[in-house]
Amino acid sequence: MSLCLNIKYAGDAVNDEALAKLRPEVLKAHDYLRTGTGKGSDFTGWLDLAVNYDREEFAAIKASADKIKSDSGLLIVIGIGGSYLGARAVIELIKSNNYNNLKKDTPDIYFTGNTISSTAVSELVSICEDRDFSINAISKSGTTTEPAIAFRVFRDLLVKKYGADEAAKRIYVTTDKSKGTLKALADREGYKTFVVPDDVGGRYSVLTAVGLLPIAVAGIDIDALMKGAQDARSKYSEPDMDKNDCYRYAAVRNLLYRSGKKIELCVAYEPSFTMMCEWFKQLFGESEGKDGLGLYPSSAIFSTDLHSLGQYIQQGERHLFETVVFFREPKQELIINDDPENVDGLNFLSGKPLSYVNRKAFEGTLLAHADGGAPGIVIEVDRSDEYNTGWLIYFFELACAISGYILGVNPFDQPGVESYKKNMFALLGKPGYEREKAELLRRLSE
């Protein structure tokens with residue numbers, strides 16, 4: 001078993017009686033998901049993706065990754081939300097949050113198309129100027145503002161550097177299988193294309209070509225990643241939450257929500273988990289935050305953030321709980337040396353591995369926060385390798401779907417994200433938005 005769930009510190013609201021009362025809702029959520037009768041069932045292709053993925057495309061992903069590694073020192077990944085978060089999270093967790101600064105035989109990988117900051121985009125352009133690079137543009141439609149602007153910029157840079165024909169060989173497009181602006185452009189220009197599946201939403205897409213191409217370019221074993229997800233799928237097929245830690249986690253977080261805990265703080269003790277926290281926040285925030293409902297997903301990296309957020313967590317308003325992801329084995333170990341003068345008074349730690357200190361910080365913090373009224377759910381994972389990361393991804397995706405159905409929402413849509421886009425288009429003067437622009441300008445001038 002790759003993952004162990006511990007709810008011992010989840011607080012008084014989580015007990016055998018409360019879990020038993022929630023059991024019918026968990027079983028109903030299971031039925032909704034497995035029979036395809038729940039809201040948003042057209043977007044549950046991720047559920048069995050780990051076993052029925054397209055083997056031919058999988059091989060093509062590996063081949064393209066090898067080509068990029070052979071002819072590029074830099075890969076620019078263009079996407080926003082689920083089109084980039086999963087890939088970046090996996091690369092940083094398995095390799096390092098300092099991946100681009102490591103000595104390695106794989107390209108540096110930078111992510112753009114997730115901001116409209118002229119400074120950020122300009123800095124990345126300057127990084128590309130004297131280096132061989134390729135582009136992976138990821139968009140279902142090709143018209144989302146942020147990635148579409150970035151694609152314009154970096155495609156133009158490629159054409160100026162290599163000419164149109166050679167540039168086309170360095171552009172890899174992950175988009176709809178048959179329609180959309182980006183698909184039409186890719187077909188016309190001869191770009192290598194990969195598919196965003198129709199039945200997998202962006203935030204659930206990390207184990208599709210959306211995430212797998214950048215991940216493979218980083219030298220990560222995508223077969224092992226999929227194997228972890230496959231085994232998790234098998235492990236969490238049981239509807240009884242007493243035998244299914246994934247369903248149990250979904251149940252516990254709903255019990256805490258109903259008891260008044262409105263914020264879930266995703267916590268880890270490895271800086272390399274930072275982007276996984278960001279992926280977690282999109283997964284749960286976009287899936288559950290609707291109809292006036294849902295836990296607010298936040299995150300922290302300990303012990304770093306204990307020196308900024310620790311006071312609030314310990315003694316602030318009692319409206320949050322923690323989901324702590326802890327890796328038992330570090331990728332690298334460091335032994336604490338002895339100081340003959342013992343200037344810092346820490347010689348009692350001499351000869352001990354730094355991972356031992358990190359674990360004791362985790363255990364001590366967990367107890368302190370639980371005593372202070374901030375309950376903790378603990379998810380322990382063996383190590384942050386490909387297999388365990390694939391397992392963890394599937395665990396959270398499945399827990400999110402079940403939890404959303406328990407909450408009573410559609411965990412696979414995101415109707416609210418269009419509001420800001422409409423306002424932005426109107427203010428930018430997009431044709432067809434003239435009336436909206438006038439009203440928005442009036443409101444801004446008041």
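The figures that follow rest on heavy atoms only: side chains count, while hydrogens, waters and symmetry mates do not.
- The aromatic rings of Tyr204 and Phe412 are tilted relative to each other, their planes meeting at an angle between 30° and 60°.
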Candidate pair Glu288 and Ser403, rule side chain to side chain donor-acceptor pair (under 3.5 Å), full reasoning: CA-CA 8 Å; Glu288 294 187 317; Ser403 185; 2.7 Å; yes
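- Of the candidates Asn136, Ile135, Thr106, Leu213, Leu75 forms a side-chain contact (heavy atoms from CB on, under 4.5 Å) with just one, namely Asn136.
- Side-chain atoms of Phe327 and Glu270, non-hydrogen and from C-beta on, do get closer than 4.5 Å to each other.
- Contact detail for Asp108 and Lys104: the closest heavy-atom pair is OD1-NZ, 2.6 Å.
- Classified by interplanar angle (parallel below 30°, tilted 30° to 60°, perpendicular above 60°), the ring pair Phe362/Phe326 is parallel.
- In this structure, Ile379 and Val324 have side chains that are not in contact, with every pair of non-hydrogen atoms separated by 4.5 Å or more.
- Side-chain contact between Pro330 and Glu333 is present, with heavy atoms from C-beta onward closer than 4.5 Å.
- Considering only heavy atoms from C-beta on, Leu225 comes within 4.5 Å of Thr389 through its side chain.
- Using modelled atom types, one finds a donor on one side chain and an acceptor on the other under 3.5 Å when comparing Ser299 with Lys281.
- Under a 4.0 Å N-O distance rule, the pair Arg23/Asp242 qualifies as a salt bridge.
- Under the 6.0 Å cut-off for aromatic ring centres, Phe395 and Tyr249 qualify, their centroids lying closer than that.
- A salt bridge does not link Lys28 with Asp31: none of the charged nitrogens is closer than 4.0 Å to a carboxylate oxygen.
- Within the 4.5 Å cutoff, the side chain of Trp46 has no heavy atoms near those of the Ile393 side chain.
- Here Lys160 pairs with Asp156 in a salt bridge; the nearest charged N to carboxylate O distance falls below 4.0 Å.
- Nearest heavy atoms, Val159 versus Ala164: CG1-N, 4.1 Å.
- Shortest non-hydrogen contact noted between Leu85 and Met275 is CD2-CE, 3.6 Å.
- Taking the charged nitrogens against the carboxylate oxygens, Asp198 and Lys140 do have a contact shorter than 4.0 Å, which makes a salt bridge.
- When all heavy atoms of Glu92 and Ser272 are compared, the pair lying nearest together is O-CB, 3.3 Å.
- Relative to the six-membered ring of Tyr172, Lys192 misses at least one condition, a distance below 6.0 Å or an angle of at most 45° to the axis.
- The shortest side-chain heavy-atom distance between His30 and Tyr32 does not fall under the 4.5 Å cut-off.
- The pair Lys179-Asp176 meets the salt-bridge criterion, with a side-chain N (NZ, NE, NH1 or NH2) lying under 4.0 Å from an Asp/Glu carboxylate O.
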Test side chain to side chain donor-acceptor pair (under 3.5 Å) applied to Thr115 and Ser117, step by step: CA-CA 5 Å; Thr115 178; Ser117 164; 4.6 Å; no
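- Salt bridge Asp413/Lys290: present, at least one basic N to carboxylate O contact under 4.0 Å.
- Arg155 and Glu189 are not joined by a salt bridge, as no carboxylate oxygen comes within less than 4.0 angstrom of a charged side-chain nitrogen.
- In this structure, Pro297 and Phe280 approach most closely via the heavy-atom pair CB-CE2, 4.3 Å.
- What you find for Val200 and Gly45 is that their closest heavy atoms are CG2-C, 3.8 Å.
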CA sep, side-chain torsions, deciding dist, call: Asp132, Lys161, side-chain contact (heavy atoms from CB on, under 4.5 Å): CA-CA 9 Å; Asp132 287 319; Lys161 185 178 182 69; 4.1 Å; yes
side-chain contact (heavy atoms from CB on, under 4.5 Å) assessment of Arg170 paired with Ile68: CA-CA 8 Å; Arg170 293 175 172 271; Ile68 293 167; over 6 Å; no
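- Under a cutoff of 6.0 Å and an axis angle of 45°, Arg233 and Tyr236 do not form a cation-pi pair.
- Under the 3.5 Å distance criterion, the side-chain polar atoms of Glu380 are left unmatched by any main-chain donor or acceptor of Leu5.
- Taking the charged nitrogens against the carboxylate oxygens, Lys62 and Asp223 do have a contact shorter than 4.0 Å, which makes a salt bridge.
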